[in-house]
Amino acid sequence: MRKVTLLLQDGTKFHGESFGYDKPIAGEVVFNTAMMGYPESLTDPSYAGQLMVLTYPLVGNYGVPAFSFEDNGLPTFMESDKIYASAIIVADYSEKYSHWNAKESLAEWLKREQIPGITGIDTRELTKVLREHGVMMGKILFDDEPDNIPHADYEGINFVDKVSCKEIIRYNEGGKKKVVLVDCGVKANIIRCLINRGCEVVRVPWNYDYTDMDFDGLFLANGPGDPDMCEDAVKIVQKQMAKSDKPICGICMGNQLLAKAAGAKIYKLKYGHRSHNQPVRMVGTEKCFVTSQNHGYAVDSSTLGSDWEELFVNMNDGSNEGIRHKTKPWFSSQFHPEACSGPVDTEFMFDKFVEYLG
């Protein structure tokens with residue numbers, strides 16, 4: 001294994017070894033506290049442009065499943081068609097793996113998709129640095145190539161445009177209800193959850209004007225980066241809301257876009273929520289749910305219009321976890337009710353959306 005150095009924006013250095021594809025890389029360094037689910041996380045488009053630190057120390061011990069696809073075009077075990085994270089950073093990579101569904105090692109997969117992976121990093125200390133300072137840019141440098149220094153930016157880049165589909169894709173044609181899904185970087189299991197409830201899904205690019213299309217409901221998907229870069233999508237949502245009361249549901253980035261369409265402002269969290277164990281409470285009740293999350297931005301609920309209210313709040317930091325309109329069937333969650341990987345406590349969000357479709 002080649003020796004590598006993780007150089008953070010503030011000058012902090014961490015030393016480790018390469019177990020993935022050997023190339024220098026730069027990106028925003030973020031941490032995920034989930035104990036499993038690296039195949040799903042790596043293929044989540046919301047990680048585009050980011051170096052993903054896993055706080056769980058042992059990674060790779062259950063290998064990687066086959067990258068197969070179902071008849072409907074969705075990947076069987078992954079969340080998209082490829083790895084979107086720029087790199088993965090772990091404390092202890094397991095070279096040997098054992099799992100009934102494993103077809104290759106994590107290292108083999110990373111090398112095949114040309115994604116760097118580094119091990120031997122003190123991820124506890126790295127996480128403490130990120131919690132104290134906040135997420136920051138970082139570079140993975142190879143010690144034997146000191147002059148090969150990569151550059152990357154995260155702020156000011158429209159990552160949604162990079163990961164969104166470029167043309168309309170249809171799933172489960174002829175389903176009992178037709179849903180337009182705005183692809184900001186959608187995870188496969190969101191589409192699957194809608195298909196499993198009998199919906200036809202029409203997946204459109206993030207800035208596509210769907211307002212003249214024939215459909216029963218609108219779904220705003222998750223995606224990477226800064227929602228303030230997606231003003232085109234927000235204007236189209238506003239156009240749709242002015243035209244019709246058809247049901248609207250949003251997840252993650254979709255929550256932020258719906259909130260922006262409602263007049264709210266967005267702010268960047270210090271180090272974001274990336275885990276399987278974020279507790280949220282449904283506003284007005286004592287009901288709490290354990291949720292899977294992956295986002296670096298949040299809605300400033302104090303800036304919501306008078307016709308809107310919070311639907312969920314985060315029990316750790318009080319940040320917004322979802323909104324709803326007071327009279328119309330428009331609602332959203334900041335967390336991922338489809339999980340994959342993670343808890344499925346909140347899949348009822350899909351049931352509620354389909355119920356609104358009539």
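Keep in mind the model is a prediction, meaning the values are calculated, not measured.
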> Which distance, rounded to the nearest 0.5 Å, do you find between the NZ of Lys328 and the OG of Ser244?
Replying inline: 9.0 Å
> Out of curiosity, Tyr271 OH to Thr127 OG1, how far, rounded to the nearest 0.5 Å?
Replying inline: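 Output value for this atom pair is 11.0 Å.
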> Between the main-chain N or O of Met137 and the side-chain N or O of Gln9, is there a donor-acceptor pair closer than 3.5 Å?
Replying inline: yes
>> Could you tell me if Asn320 and Gln334 have a donor-acceptor pair between their side chains, going purely by distance under 3.5 Å?
In response: no
Are [X] and [Y] close enough for a salt bridge, meaning some N to O gap below 4.0 Å?
| X | Y | answer |
| --- | --- | --- |
| Asp209 | Lys235 | no |
| Glu286 | Arg281 | no |
| Glu17 | Lys3 | yes |
| Asp228 | Lys260 | yes |

> What residues form a ring-ring contact (aromatic ring centres under 6.0 Å, His included) with Tyr93, not counting sequence neighbours?
Replying inline: Phe19
>> Applying ring-ring contact (aromatic ring centres under 6.0 Å, His included), can you list everything that pairs with Phe348, at least two apart in sequence or on another chain?
In response: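 Once residues adjacent in sequence are excluded, the partners of Phe348 under the ring-ring contact (aromatic ring centres under 6.0 Å, His included) criterion are Phe289.
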Nearest heavy-atom neighbours spanning [X] and [Y]:
| X | Y | answer |
| --- | --- | --- |
| Phe335 | Ile251 | O-CG2, 3.6 Å |
| Glu79 | Cys340 | OE2-CB, 3.4 Å |
| Gln293 | Thr291 | NE2-OG1, 3.0 Å |
| Asn32 | Tyr47 | ND2-OH, 2.7 Å |

>> Would you call the rings of His325 and Trp308 parallel, tilted or perpendicular, taking 30° and 60° as the class edges?
In response: perpendicular
>> Exactly one of Asn61, Thr123, Leu58, Val59 should register a side chain to side chain contact (heavy atoms under 4.5 Å, CB included) with Asp92. Which one does?
In response: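 Output: one option passes, namely Leu58.
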> Taking the six-membered ring of Phe350 as reference, does the NZ or CZ atom of Lys352 fall below 6.0 Å from its centre and within a 45° cone about the axis?
Replying inline: no
